Amino acid sequence: VQLQASGGGMVQAGGSLRLSCVSSGRSFSEDVMGWFRQAPGKEREFVASISRSADMSDYAESVKGRFTISRDNAKNTVYLQMNGLKPEDTAVYYCAAEHSDAAYGLGYRLDEWYDSWGQGTLVTVSS
C-alpha cells in the first residue's frame, strides 16, 4: 500500500489546517488508519486513529477536543481536521495504515501495530 499525506503548512496559533492522506494499493475500507506526529528532537507520538467503518475513533489527550479524524472510504482518504492549533503541535505528521482483522481498540495508539506509513507532512504553528 502507498500512503500520500498532504495539507501541512505554516499557520498562526489558534488557526486550523486539514491534513489528508490518500491510500492506494489495497482495500482501504479494511484498514484501520492512524495519524502520528514527530516534533524536532522528540519521539514519534500517537495523535488519532479511526476504525475501518469510521464508527469509532481515539485521540491523544493533547489533541482531544481540537482535532477530528475522519475517513471517506469511497475516496480512499483519511483526514485530520486540526483546530485551535498551538505551537506545541508543530511536527511532521504521518498517516499510517494497518491491515488485519484485529478488533479496533486502544492498541492502535502503538506505532508498531501499523504496517504502512506515509511520507509525512510538516505542520508549523507560530506563536
Side-chain angles (χ1 to χ4, degrees):
V1 64
Q2 290 187 329
L3 302 174
Q4 182 69 43
S6 62
M10 184 176 293
V11 65
Q12 289 189 333
S16 298
L17 284 174
R18 188 176 82 154
L19 306 184
S20 300
C21 175
V22 180
S23 173
S24 62
R26 72 185 182 200
S27 180
F28 179 73
S29 62
E30 296 178 8
D31 286 354
V32 171
M33 300 299 296
W35 285 98
F36 289 75
R37 67 186 182 186
Q38 187 167 21
K42 295 188 177 181
E43 293 187 353
R44 187 167 58 191
E45 65 175 1
F46 168 77
V47 176
S49 68
I50 189 166
S51 64
R52 300 169 184 87
S53 60
D55 59 338
M56 292 181 286
S57 59
D58 183 34
Y59 297 90
E61 285 299 319
S62 60
V63 306
K64 198 171 291 185
R66 300 187 297 122
F67 291 11
T68 302
I69 189 171
S70 62
R71 65 190 296 163
D72 185 338
N73 286 350
K75 295 182 178 180
N76 291 352
T77 303
V78 62
Y79 304 97
L80 185 69
Q81 177 66 43
M82 305 185 295
N83 299 329
L85 283 161
K86 304 175 181 180
E88 52 263 43
D89 295 317
T90 295
V92 176
Y93 284 71
Y94 299 91
C95 59
E98 189 276 337
H99 186 84
S100 76
D101 57 1
Y104 177 79
L106 297 181
Y108 285 98
R109 294 185 173 189
L110 302 175
D111 56 5
E112 55 260 40
W113 277 48
Y114 295 83
D115 56 60
S116 301
W117 292 83
Q119 86 288 1
T121 185
L122 176 63
V123 172
T124 303
V125 184
S126 61
S127 58

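Positions are given from 1, in the same order as the sequence printed here. Worth saying up front: this structure is predicted, and the values here are computed from it rather than measured.
The two residues V32 and Y114 make their nearest non-hydrogen contact at O-CE2, 4.1 Å. The two residues S127 and A13 have their closest heavy-atom pair at CA-CB, 4.3 Å. Closest of all the heavy-atom pairs between Y108 and S100 is OH-OG, 4.1 Å. In terms of heavy atoms, S20 sits closest to T77 at CB-CG2, 4.3 Å. Of all heavy-atom pairs spanning V1 and S24, the tightest one is CG2-O, 3.1 Å. Nearest heavy atoms, Y59 versus T68: OH-CA, 3.3 Å.
Judged by distance alone, the side chains of R18 and Y79 never bring a donor and an acceptor atom under 3.5 Å apart. Between the side chains of S6 and Q4, no donor N or O sits under 3.5 Å from an acceptor N or O. N83 and S16 are linked by a side-chain donor-acceptor pair at a separation below 3.5 angstrom, with hydrogens and angles left out of the test.
A side-chain donor-acceptor contact under 3.5 Å links R71 to the backbone of F28. Looking only at distances, a side-chain donor or acceptor of N73 sits under 3.5 Å from a matching main-chain atom of R52. The backbone N or O of G105 lies less than 3.5 Å from no partner atom in the side chain of R109, so there is not a single donor-acceptor pair. A distance-only check finds a donor-acceptor pair linking the side chain of D115 to the backbone of H99 [under 3.5 Å]. Looking only at distances, a side-chain donor or acceptor of Q119 sits under 3.5 Å from a matching main-chain atom of A5. When atom types are taken as modelled, the side chain of Y104 and the backbone of S49 share a donor-acceptor pair closer than 3.5 angstrom. Remark: the backbone N or O of V125 is paired with a side-chain donor or acceptor of T90 at under 3.5 angstrom. Side chain of D31 to main chain of M33: no donor-acceptor pair is present (N/O by atom type, distance under 3.5 Å, no hydrogens or angles).
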Handout entry: side chain to side chain contact (heavy atoms under 4.5 Å, CB included) evaluation trace for Q38 with Y93
Key = CA-CA 7 Å; Q38 187 167 21; Y93 284 71; over 6 Å; no

Practice task
Walk me through it: do Y94 and R37 pass the test side chain to side chain contact (heavy atoms under 4.5 Å, CB included)?
Solution key: CA-CA 6 Å; Y94 299 91; R37 67 186 182 186; 6.0 Å; no

Exercise for the section: Check the pair I69, Q81 against side chain to side chain contact (heavy atoms under 4.5 Å, CB included), reporting the backbone distance first and the verdict last. Expected result: CA-CA 6 Å; I69 189 171; Q81 177 66 43; over 6 Å; no

Problem - Verdict with reasoning, V78 to L3, per side chain to side chain contact (heavy atoms under 4.5 Å, CB included) - result: CA-CA 10 Å; V78 62; L3 302 174; over 6 Å; no

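Environment of CD in E43: sparse, with no more than 12 heavy atoms of neighbouring residues, nucleotides or ligands closer than 6.0 Å. Around atom CE of M10, no more than 12 heavy atoms belonging to other residues, nucleotides or ligands sit under 6.0 Å away. Annotation for Q2: atom CD does not count as buried by contact number, only 12 or fewer foreign heavy atoms lying within 6.0 Å. For K64, the NZ atom sits in a packed shell: over 12 heavy atoms of surrounding residues, nucleotides or ligands are nearer than 6.0 Å.
No continuous path of hydrophobic side-chain contacts links F67 to M56 [ILVMFWY only; heavy atoms under 4.5 Å]. By the rule that hydrophobic residues join a cluster once side-chain heavy atoms approach within less than 4.5 Å of another member, L80 and V11 end up as members of one cluster. Follow the hydrophobic side-chain contacts under 4.5 Å out from W117 and you reach V92 in the same cluster.
Side-chain contact between T124 and L122 is present, with at least one heavy-atom pair separated by less than 4.5 Å. W35 has its side chain within reach of C21: a pair of non-hydrogen atoms, C-beta onward, lies under 4.5 Å apart.
Listed by first then second residue, pairs satisfying ring pair (Phe, Tyr, Trp, His ring centres under 6.0 Å) with a partner in residues 38-57 read F36-F46, not counting sequence neighbours.
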